[in-house]
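Working notes, beginning with the structure itself.
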Amino acid sequence: LRLVESGGGLVQPGGSLTLSCAASGGTFDDYTIGWFRQAPGRGREGVSCINRSGRFTNSADSVKGRFTTSRDNAKNMVYLQMNNLTPEDAATYYCAAVVLVGSGDECYIRRSLYDYWGRGTQVTVSS
C-alpha cells in the first residue's frame with residue numbers, strides 16, 4: 001500500500017488546515033489509518049486514527065476537540081481537519097495504515113502497530 005500526504009503549509013496560530021492522505025495499491029477499506037506527527041528533536045507521536053468503515057475514530061488528548069479525522073473509501077482518501085492550531089502543533093504529519101485482525105470496529109494510535117507509512121507533509125504554525 002502506498003500512502004501520500006498533502007495539504008501541509010504555513011498557518012497562523014488559531015488557523016485551520018486540512019491534510020489529506022491518498023492511498024493506492026491495496027484494498028483501501030481493509031486498512032485502519034492513523035495520523036502521526038513528529039516535531040524537530042522529538043519522537044513521532046500519535047495524533048488520531050480511524051477504523052476501516054470510518055465510523056470509529058480516536059484522538060490524542062492534545063488534539064481532542066480541535067482535530068477531526070474522516071475517510072472516503074470510494075476515493076481512497078483520509079483527511080485530518082485541524083482547527084485552532086497552535087505552535088505546538090507544528091510538525092511533519094504522517095499517515096499510516098495497518099490491517100487489523102478483528103471486527104474492525106476499533107482503531108489504535110500506537111505507532112508500532114502500523115505497517116505502511118507515507119513520507120509526510122510539513123505543518124508550520126507561526127505568525
Side-chain angles (χ1 to χ4, degrees):
L1 187 74
R2 182 168 179 259
L3 302 171
V4 179
E5 303 91 339
S6 61
L10 172 65
V11 63
Q12 291 186 341
S16 298
L17 273 180
T18 298
L19 305 184
S20 299
C21 173
S24 60
T27 303
F28 183 62
D29 54 8
D30 282 346
Y31 290 88
T32 295
I33 304 295
W35 283 100
F36 297 81
R37 65 186 181 185
Q38 187 166 15
R42 300 183 67 174
R44 195 169 295 190
E45 64 169 341
V47 174
S48 70
C49 62
I50 187 164
N51 77 327
R52 299 193 301 235
S53 68
R55 287 194 291 266
F56 180 86
T57 62
N58 196 5
S59 299
D61 288 344
S62 58
V63 306
K64 270 192 172 99
R66 299 188 299 123
F67 290 13
T68 302
T69 306
S70 61
R71 67 191 290 166
D72 184 339
N73 285 347
K75 295 182 179 178
N76 288 8
M77 296 289 294
V78 177
Y79 306 98
L80 183 67
Q81 170 70 43
M82 307 186 295
N83 297 324
N84 195 19
L85 285 159
T86 74
E88 288 68 39
D89 296 314
T92 299
Y93 282 72
Y94 301 87
C95 63
V98 63
V99 175
L100 288 181
V101 176
S103 66
D105 294 332
E106 70 281 312
C107 68
Y108 306 96
I109 315 171
R110 196 158 70 236
R111 188 179 72 177
S112 60
L113 272 181
Y114 290 82
D115 296 318
Y116 303 93
W117 292 82
R119 292 191 172 187
T121 185
Q122 187 166 354
V123 172
T124 303
V125 184
S126 174
S127 54

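These numbers come from the heavy atoms of this one structure, side chains and all, not from hydrogens, waters or symmetry mates. Since we're looking at a predicted model, the values are computed, not measured.
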Side chain to side chain contact (heavy atoms under 4.5 Å, CB included) between Val78 and Glu5, intermediate numbers included:
CA-CA 9 Å; Val78 177; Glu5 303 91 339; over 6 Å; no
Quick one, [X] and [Y] - any side-chain contact, counting heavy atoms below 4.5 Å?
{"X": "Tyr94", "Y": "Gln38", "answer": "yes"}
{"X": "Thr32", "Y": "Tyr108", "answer": "no"}
{"X": "Ser126", "Y": "Leu10", "answer": "yes"}
{"X": "Trp35", "Y": "Met82", "answer": "no"}
{"X": "Leu80", "Y": "Phe67", "answer": "yes"}

[atom2] on [Y] to [atom1] on [X], rounded to 0.5 Å:
{"X": "Thr69", "Y": "Ile33", "atom1": "OG1", "atom2": "CD1", "answer": "11.0 Å"}
{"X": "Leu1", "Y": "Ser24", "atom1": "CG", "atom2": "OG", "answer": "6.5 Å"}
{"X": "Asn76", "Y": "Thr27", "atom1": "CG", "atom2": "OG1", "answer": "9.0 Å"}
{"X": "Ser70", "Y": "Met77", "atom1": "OG", "atom2": "CE", "answer": "9.5 Å"}
{"X": "Tyr114", "Y": "Arg44", "atom1": "OH", "atom2": "CZ", "answer": "13.0 Å"}
{"X": "Glu106", "Y": "Arg52", "atom1": "CD", "atom2": "CZ", "answer": "8.0 Å"}

Taking Arg37 first and then Asp89, would you say they form a salt bridge - that is, a charged N and a carboxylate O separated by under 4.0 Å?
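Salt bridge present between Arg37 and Asp89.
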Shortest non-hydrogen separation from [X] to [Y] and the atoms involved:
{"X": "Thr124", "Y": "Ala90", "answer": "CA-CB, 4.3 Å"}
{"X": "Ile109", "Y": "Cys49", "answer": "CG1-SG, 3.7 Å"}
{"X": "Leu19", "Y": "Tyr93", "answer": "CD1-CB, 3.4 Å"}

With hydrophobic residues grouped by side-chain heavy-atom distances under 4.5 Å, do Trp117 and Val47 end up in a single group?
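No.
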Is a donor on one side and an acceptor on the other found under 3.5 Å between the side chain of Arg2 and the backbone of Gly25?
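Absent.
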Has Asn51 got a side-chain atom pairing as donor or acceptor with Phe56's backbone, closer than 3.5 angstrom?
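Yes; at least one donor-acceptor contact below 3.5 Å.
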Decide whether a cation-pi geometry holds between Arg111 and Phe36; the criteria are a distance under 6.0 Å from NZ or CZ to the six-membered ring centre and an angle within 45° of the ring axis.
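Judged by the rule (NZ or CZ under 6.0 Å from the ring centre, within 45° of its axis), Arg111 is not positioned above Phe36.
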Pair Gln12, Ser127: side-chain N/O donor-acceptor within cut-off below 3.5 Å
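No - no donor-acceptor pair under 3.5 Å links their side chains.
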Side chain to side chain contact (heavy atoms under 4.5 Å, CB included) partner of Tyr79, chosen from Cys95, Cys21, Ser20
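So, applying the side chain to side chain contact (heavy atoms under 4.5 Å, CB included) to Tyr79 and each of Cys95, Cys21, Ser20, only Ser20 qualifies.
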Under the criterion side chain to side chain contact (heavy atoms under 4.5 Å, CB included), I'd like the reasoning laid out for Val125 against Thr86: C-alpha separation, chi angles, the key distance, then a yes or no.
CA-CA 6 Å; Val125 184; Thr86 74; 5.5 Å; no
